Amino acid sequence: MGFRRRCQIVAGVSIRRAMEEARKALERAGVREPRVVPTKSLAFGIVTSTSAFEEAKERGIDAMAYAEEVAARARQHTGPLLAEVRAAQPGYVNFYPDWRRFSEDVVRGVLEDVRSFLYEGLGGGEVVVEHTSVNPNKALHVGHARNVCIGDTVYRLMSKAGRRVTVLNYVDDSGAQMAELLLGFTELGFDLNPPPGMRFDEYCGDSVYVEVNRRAKVDPEIEAKRRRVAKELEERGSDAFKLSREIALRVLRDQLSTCYRLGASYDLLVRESDVVVSGLWDEAFSRLKESGAVYLADRGSKAGCWVADLSGHPVLSKEGDEVLVKSDGSTTYVARDIGFALWKLGESRTSLRFSLWDVRDGRPTYISSEEGVSLRPNSPSLVITVVDSRQRRPQEVVRYALSRIGVSADRYLHYSYEPVLLSKRSAEMLGAKAERSAVQMSGREGIYFKVEQVLDKLVEVAARETSSRRPEWPSERVREVAEAIAVGAFRYGMLKVDSDKQIVFDIEESLRLEGDTGPYLQYSVVRARKILLKAEEAGVEPSPAPSEDLTPHEMQLVREVSVAPLALEDTVKALRIRTLVTQARTLATVFNEFYESCPVIGGGPNAGFRLSLVAAYARVQEELLETLGVPVLDEL
RNA sequence: GGGCCCGUGGCCUAGCCAGGAUAAGGCGGCGGCCUCCUAAGCCGCAGAUCCCCGGUUCGAAUCCGGGCGGGCCCGCCA
C-alpha cells in the first residue's frame, strides 16, 4: 500500500495519532530517525517500523537483537493508544494497539466530524479544473465519459478538501469538425430538426456527421466545400458563423444534460469562438515575441509561420519547433491553448465575458459571450486540465511556452489518462471489423457507444433486478433507484482503472452489477443504514467505547476506517483517484465481512459499540462515494 | 528514428512513485451458506516463471540498466 509510507505530515486522529505515539516511543528508545507505517496485517499490530533494523545494519550489529532492545525500551514510552511493542524477524518493531481505546478514538473522531476526520490539513487555495471539452457536434460516447468522470471527481475531491474550485468546460465550436457538421445542413439538405424522439446531439453525431464523412469518401467536392465553410466560419458576422453558433449551443445543451446525469457540474462554459476574438492570443503572442520564445520562419517547410522555439527543451527539441501562427495568419490549436492557459492561470490582462447559462441547485453556470461580465480566475494555485494522453505533447508545449514568458508552469497540470477502447466483441456489434482485441472508437465511422445508451441499458438491467427484489415498490421508485445504480456502476467503472491504463469497454461487461462494481459499494452503505434504522427501533444504545474486547472482524473494520485519511491525503496530494477507489472498495469488503459475522441487534454486550462502528463506517463510506460521484442510497 | 504509457493466475484489475513479513480483489470454474440487521452478499477449493536477462540490496512485483511484446505521440488538424 503506497500511501502507508507518507503519513506523519498531517497531525490528526486515529491512525495518525497511533503512528505519532509509535514514532515518539522509538525516538525515546534511541532510534534516530524513526519511520513508522501502518501494518498490512493486524497480526503484526497496527503500526510497524523497520528503522531499528536499518540502523542496526548501519552500525553493523545484530538486527534482531537490537530490535528486541528497542522494543523493550519503546514499551516504556508508548502513549495511551498503544499497548504492546514486539520485535519480529528480521528486525521489525511492531506496535499493538489498546484496541478498546484505539477503537473509541477512531469512532469518536469520525462521528464528531467526518469531514475533518478525512480532510484535515488538505485544504487551502483556489483550483481551476477544466474537463469534458467535447466538440459540440455529437453526443457523448463512453470515451468522453472517462474525462467527465475524472474531471468531476477532481472537482468533488478538491471541494471537499476545502479548496475553492472553478470548473471549466472548453467548447471547441470553431474547428474542422464544426465545419463538417455544418455542411450536412447547408449542402446535404439535413433538416435542422431531428426526427421525433431523437435528441439533437445524437442526430448531429449519428446521422449528420457520419453521413458527411461517408459522402466525403466518395465525393471529392465535399472536401472543397468543407474548406470553404471553414473559411466562412472565421468571419464572425457571416451566416455560417451564426448558424454554427446556434447548432453548437443546441448540441451543447444536450451534451450537458448527459454530463448532469453523470453528476457533473460546471461554472464556466468557454466557447473557442469567443476565445479567438478575445485578444488572449494577441497578448500571449506579444509576450512570446518579447521573450524571444517564438520566431518567424523564413525557410523550410514552415516558412511564413510563427513558430515556437523548442530548441531549449530536453525532449520537445527532438521533434522540431511548433507552428503557432500559420502562414495565412490564423492560429493553431496550441497557440489558442497558450492564450487560454494564461487566462486560466489568472496571468492575463485580458478577460473573457460571460453571461448566465443556467442555474442548477442554486449553482449558476455562465457561458462565454460577446457581452456580459468580465471574468478571470484569480491567480489559482493549481490549474488542472483533464485531457487524454494523446495530448501530452501539445500540453507540454503549452507548459514550456508559459515558462518561457516567465509564468511558472508548475501550477499548470495536465491530468492525463489513457483512452477508452472498445472490446473486439463490442466493436463487432457496431458493425466494425476488429482485427485486434481492442479497437479505437471513431466518431466519423459511427463506431462508439453513447453514454446515454449505456446508462439506459444499465437502468433497464438495474430496474429488472430491483423490481424482482422489491416487487411491492411502485415503478417510479424502482426507476429512481435503478437510475442511481446505473450512474454508480458507470462512474465506478470509469474511475476504478488507473488513469495510465487503457479501458477496454465491453458493453456486456459494463452491465454487470456484481463483484467489483459501484453497486457493491452502494449495497454496503444500504446495509449499514438499514442497521442504524433497525437498531434504533430495537432500542440499541450507541456507544463509541467498546464494553468488551473486540472480535477480529471488528478490529479489521476499525483499522480500515482509521486508515482512510491516509488514502485521502494521497488522493488529494498526488491527484490519484485510484487510491480513493481502492480505499472505498477495501472498506466495503471489510464491512461486508463484519456484517456477516457481527450482528448488531442481538449482538450482546458490544452491540452498542458495533452500532457506533457501523455508523462510523457509513459516514466515511458516504463521503468517499460522494467524492467519487457514486450515488448513496437508503435502500436498493 | 525519437519520446511517452502499459505488460501481474484463462480473462480483467490492485500493489510499484516513498523496496520488507504469506503477491490482494473481481470475472469465469467447482463446492457450500438465506426460519437471523436486504444473498447486488459471505465462506471454501482449484488456478501466478509478477514479460525476459542482468545489476543494486540483508531483502526486488516494486529501484537501476539492457532487451522483448502491445498502445499512443512526433501535421501550416483540433
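What you see below is based on every heavy atom in this structure, not just the backbone, and it leaves out hydrogens, waters and symmetry mates. Chain letters run A, B, ... following the sequence lines, proteins first, then strands; residues in each count from 1. None of these values were measured; they are calculated from a predicted model.
A salt bridge does not link A/D328 with A/K326: every distance from a Lys NZ or Arg NE/NH1/NH2 to an Asp or Glu carboxylate oxygen is 4.0 Å or more.
Mapping A/E596 and A/V334 onto RNA chain B by nearest heavy atom places A/E596 at the nucleotide closer to the 5' end. Take the nearest nucleotide of RNA chain B for A/T332 and for A/H553: the residue whose nucleotide is more 5' is A/H553.
Distances shorter than 4.0 Å separate none of the side-chain N or O atoms of A/K326 from OP1 or OP2 on B/rG75. In this structure, A/K40 reaches the B/rA21 phosphate: one of its side-chain N or O atoms is under 4.0 Å from OP1 or OP2. Put simply, A/K302 has no side-chain N or O that comes within less than 4.0 Å of OP1 or OP2 on B/rG75. Listed pair A/Q440 / B/rC72 meets the phosphate criterion, a side-chain N or O lying under 4.0 Å from OP1 or OP2. A/Y520 has a side-chain polar atom (N or O) that falls below the 4.0 Å cut-off from OP1 or OP2 of B/rC42. In terms of phosphate contacts, A/K501 brings no side-chain nitrogen or oxygen within less than 4.0 Å of OP1 or OP2 of B/rG71. Put simply, A/R436 has a side-chain N or O that comes within less than 4.0 Å of OP1 or OP2 on B/rG71. At B/rG75, none of the side-chain N or O atoms of A/Y333 fall inside 4.0 Å of OP1 or OP2 (strictly under the cut-off). For B/rU38, the OP1/OP2 oxygens have no side-chain nitrogen or oxygen of A/R529 closer than 4.0 Å.
Listed for the A/Q255 side chain is a donor-acceptor partner under 3.5 Å among the backbone atoms of A/K138. For the pair A/S426 (side chain) and A/I507 (backbone), a donor-acceptor distance under 3.5 Å is present. The main-chain N or O of A/V420 is never found under 3.5 Å from a side-chain atom of A/R146 such that the two would form a donor-acceptor pair. At distances below 3.5 Å, at least one donor-acceptor pair connects side-chain atoms of A/Q522 with backbone N or O atoms of A/P631. Formation of a donor-acceptor pair under 3.5 Å by the A/R610 side chain with backbone atoms of A/E554 is not found in this model.
Distance A/I503 CD1 to B/rA14 P: 10 Å, rounded to the nearest Å. To the nearest angstrom, P of B/rG10 lies 18 Å from CD of A/E509. Put simply, CZ on A/R425 is 11 Å from C1' on B/rC11, counting in whole angstrom units. The distance from atom NZ of A/K138 to atom C1' of B/rA78 is 10 Å, rounded to the nearest whole Å. The separation between A/D388 atom CG and B/rC4 atom P is 18 Å, rounded to whole Å. If you take CD of A/E508 and P of B/rG28, they are 13 Å apart, rounded to a whole angstrom. For the pair A/Q502 CD and B/rC12 P, the computed distance is 12 Å after rounding to whole Å. The interatomic distance linking A/Q391 (CD) with B/rG71 (P) rounds to 21 Å, in whole Å.
Taking atom C1' on both B/rG32 and B/rU13, the two are 27 Å apart, rounded to the nearest angstrom. Nucleotides B/rC64 and B/rA48 place their P atoms 29 Å apart, quoted to the nearest Å. Going from the C1' atom of B/rG10 to that of B/rC68 covers 23 Å, rounded to whole Å. Across B/rA60 and B/rU22, the matching P atoms stand 13 Å from one another, rounded to whole Å. Comparing B/rA23 with B/rA18, their P atoms sit 24 Å apart, to the nearest whole Å. Spacing of P atoms, B/rG7 relative to B/rU62, comes out at 12 Å, to the nearest Å. With both ends at atom P, the span from B/rA46 to B/rG41 equals 23 Å, rounded to whole Å. As rounded to the nearest Å, B/rC12 and B/rC50 have C1' atoms that lie 16 Å from one another.
Across all strands shown, A/S301 has heavy atoms under 4.0 Å from base atoms, whether or not it also approaches the sugar-phosphate.
Between the side chain of A/T48 and the base of B/rA21, a donor-acceptor pair under 3.5 Å is found.
In this structure, B/rA61 forms no base pair with any nucleotide, since neither Watson-Crick nor G-U wobble geometry is met with both distances under 3.5 Å. The partner of B/rG1, taking Watson-Crick or G-U wobble pairs whose two distances both stay under 3.5 Å, is B/rC74.
Seen from the ring of A/Y520, A/R585 counts as a face-on cation partner, given the 6.0 Å and 45° thresholds.
Out of B/rA14, B/rA21, B/rG26, the shortest distance to the side chain of A/T582 is found at B/rA14. Side-chain proximity of A/D500 to B/rC76, B/rC5, B/rU57: nearest is B/rC5. For A/R585, taking side-chain heavy atoms from C-beta onward, the closest of the listed nucleotides B/rU38, B/rC76, B/rG26 is B/rG26. In the set B/rC5, B/rC42, B/rA14, B/rC42 carries the atom at the smallest distance from any side-chain atom of A/E593. With B/rU38, B/rA21, B/rG20 as the candidates, the nucleotide lying closest to the side chain of A/E54 is B/rG20. Comparing B/rC72, B/rA78, B/rG71 by their nearest atom to the side chain of A/R390 picks out B/rC72. When each of B/rG3, B/rA18, B/rU38 is scored by its nearest atom to the side-chain atoms of A/K530, the top-ranked nucleotide is B/rU38. In the set B/rG26, B/rG41, B/rU22, B/rU22 carries the atom at the smallest distance from any side-chain atom of A/S41. Minimum atom distance to the side chain of A/D172 is reached by B/rA78, of the listed B/rA78, B/rG25, B/rG3. When distances run from any side-chain atom of A/E272 to the nucleotides B/rA78, B/rG2, B/rU38, the shortest one goes to B/rA78.
Annotation: A/F44 is not in aromatic contact with A/Y92 [ring centroid separation under 6.0 Å not met]. In this structure, A/F340 has its ring center at least 6.0 angstrom away from the ring center of A/W281.
Stacking of A/F44 onto the six-membered ring of B/rA21 is present: less than 5.5 angstrom between centres, less than 30° between planes. Under the stacking criterion of a centre-to-centre distance below 5.5 angstrom and an interplanar angle below 30°, A/Y92 sits stacked against the six-membered ring of B/rA21.
Taking syn as a glycosidic angle within 90° of 0, B/rC5 does not qualify and is anti.
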